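Numbering of ligands and ligand atoms starts at 1, following listing order. Computed from a predicted structure; not experimentally measured.
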Amino acid sequence: MCGIVGYVGSEKSLEVLLGGLKRLEYRGYDSAGVAIVDAAGELHTVKRAGKLSVLADELAAHPMANGSTGIGHTRWATHGGPTDRNAHPHLGDDGRLAVIHNGIIENFAPLKDELLAEGFSFTSETDTEVAAVLLGREFRATGSLQEAFRRVVARLEGAFTLLALHQDEPGVVVGARRNSPLVIGLGDGENFLGSDVAAFVEHTRRAVAIGQDQIVTITPNEVKVTDFDGNAVEVEAFEVAWDAAASEKGGWSSFMAKEISEEPDAVANTLRGRVLDGRVVIPELEAFGDDVLAGIDRITIIACGTAAYAGQVGRYAIEKWSRVPVEVELSHEFRYRDPVITPTTLVISISQSGETMDTLMAVKYAREAGARAISVCNTQGATIPRESDAVVYTHAGPEVAVASTKAFVAQITALYLFGLHLARVRGSLSEADQAEYVAELLAIPAKISHVLESSESIAQLAKWMSDSRAVLFLGRHVGYPIALEGALKLKELAYIHAEGFAAGELKHGPIALIEAGQPVFVIVPSPRGSAEMHKKVVSNIQEIRARGARIIAIAEQGDAAVLPFADEVVPIPLAAPMFEPFLAVIPLQIFAMELATAKGLDVDQPRNLAKSVTVE
Ligand code: AGP
């Protein structure tokens, strides 16, 4: 949930750290800070509450010494409010050592008591400062930052990625991770560490992911990885698939606007290389084994937030095409309800970041209970794929805006590909049906482009509705998760109360919410699909219209049935009913973004949120 960067190389740490933190700021932006060891071997630290720009302004007004060794941090507060004192880095060994941290040290209180009893003092309320003081004590005892790390991590409980430097060891940064991300960037005469590859991708695209319970020591010309016992660990480098430009705004008003515009490519790139002569073959699942897939008798999809809604959409397709029962569970609920898990249970986790702690812990729980696990993930080298039996990467490119958009449609794409792959393996779909659904998938990028090109009316509608106090969303079948996602977008971007309902559920209570002028978005199923379902949704529209609701219908081009009852109709291109979610969600994403913009809000970094929630 925090962004961390480490650097060793030439006398440019400050530029590298600030550049990396800028790209990581979406992971948390309550406060930011840097620590650098200068050429004279002296440690300097500057940190400020607020966004990274506050730190940058401070450094512009009061330049700090530069150096070849540095660490930087942008925070999403867990222990202690977003203040200067609680900002990272935190110091140990009388200010000669600096530490930054991503995660939560669950046993920090008894450790703090132990240190207080020995006469150590603290300036902040954070768990991180306890690690810093502990590291300082062990550095005094061992004279080695790496050895000090080994002793300290053996005593910590919880989730942590820690980076540290010491002024007595210029040119050295040491890091350790447990249940929290850390990747190495391999340079020439310089090396990098980061929460994810965005921290250093402008300098190098050669990366190494650090595994669970490992310690890494970087110097300008060497990278050493060991386990917590000090045993050397073999690591494998990978090439980052996108460049720095891809994570820049590229002239768009916001990352969110840019990423919505990239949704056609997100789908197309996720399909690429997985469709062959009208059939789906997912190469990453080859190692998993068709025989194993054929033996699966239950699928549980686990995820959080928007990813969970993608899972709910995917559930309809996977179950219908493969005839395997599919359930969707919120990760943080799943492992606490003592679920029945057998060796023929398949758990599919969905995570854009691949670091969501709730989902990571649920995957570990399921695998320990004997389930097979497949990860749908958008971030190469992330933790959740490494904790799974196989990964189906989405190829949406870096998603920087906290509110997920292109990753959402890419996740649905990956789930539909999986459903068709599984149906092929199980022989539960005819060749003709497989070919038909593959053709529908291949047509989606162009159809999304069409929706994007005709989105001006949505922007106008958002401006007109910018003073709305509550907005409802209705959908049925695969439209129901889209109603939930539309509501979430509005909540997290425009801070407006919004709620999604299954259209059929309204009359069982929620219809009491309808009053004159109440805006209600309705995702209308295609009349070319289930005529009965279409008719029922049109009836639902009439029921709420009769009570004064203001209806905005997301409906298929040419659907005349809704015209008499809707105040606004947002047309979407024709698509087979199962494929409507790809198109219906786009106007809802744009609506939420435009309404938030009309309210003068920051659509890329909404209040209280972080891009990757790496604490439970
Ligand atoms: C989506 O707009 C939200 N930012 C949030 O719900 C997000 O989808 C959720 O936290 C899961 O994140 P993940 O996909 O990285 O696991």
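In this structure, the protein non-hydrogen atom closest to atom 11 (C) of ligand 1 is C304 O, 3.5 Å. The single protein non-hydrogen atom nearest to atom 16 (O) of ligand 1 is T356 OG1, 2.5 Å, given as residue, atom name and distance. From the protein, the heavy atom lying nearest to atom 14 (O) of ligand 1 is Q352 N, 2.7 Å. The single protein non-hydrogen atom nearest to atom 15 (O) of ligand 1 is S353 OG, 2.7 Å, given as residue, atom name and distance. In this structure, the protein non-hydrogen atom closest to atom 2 (O) of ligand 1 is E492 OE2, 2.5 Å. The nearest protein atom to atom 5 (C) of ligand 1, hydrogens excluded, is given as T306 N, 4.2 Å; this is a heavy-atom distance. Ranking the protein heavy atoms by distance from atom 10 (O) of ligand 1 puts V613 CG2, 4.3 Å first.
Residue S351 approaches ligand 1 through these ligand atoms, each under 4.0 Å from one of its heavy atoms: 13 (P), 14 (O), 15 (O), 16 (O). Listed by atom number, the atoms of ligand 1 under 4.0 Å from G305 heavy atoms are 6 (O). Atoms of ligand 1 found under 4.0 Å from any heavy atom of S404, numbered from 1 in the order shown, are 1 (C), 2 (O). Ligand-side atoms of ligand 1 in range of A307: 8 (O), 14 (O), range being under 4.0 angstrom from any heavy atom. Heavy-atom proximity to A403, at under 4.0 Å, picks out these atoms of ligand 1: 2 (O).
Aromatic ring centroids of Y480 and F501 lie 6.0 Å or more apart.
Geometrically, ligand 1 and K611 share no nitrogen or oxygen pair separated by less than 3.5 Å.
Looking at K51 and S31, their side chains never bring a donor and an acceptor atom within 3.5 Å of each other. For the 3.5 Å distance criterion, the side chains of E399 and S404 qualify, holding a donor opposite an acceptor.
Salt-bridge check for E262 with K258: passed, with a basic side-chain N closer than 4.0 Å to an acidic carboxylate O. A salt bridge does not link E499 to K491: none of the charged side-chain nitrogens sits closer than 4.0 Å to a carboxylate oxygen. Using a 4.0 Å cut-off between a side-chain N of Lys or Arg and a carboxylate O of Asp or Glu, R178 and E157 do not qualify as a salt bridge. Ion pair R372/D389 not flagged as a salt bridge, since none of the NZ, NE, NH1 or NH2 atoms sits closer than 4.0 Å to an Asp/Glu carboxylate oxygen.
Taking the six-membered ring where the residue is Trp, H203 and F192 present parallel rings, their angle staying beneath 30° rather than reaching 60°. Aromatic ring orientation, F418 versus H421: parallel (interplanar angle below 30°, classes split at 30° and 60°).
V402 counts as a contact of ligand 1, since one of its heavy atoms falls under 4.0 Å from the ligand.
With a 4.0 Å cut-off on non-hydrogen atoms, E355 does not touch ligand 1 at all.
Here the options are V400, V402, I590, V603, the test is side chain to side chain contact (heavy atoms under 4.5 Å, CB included), and the partner is M256; only V603 passes.
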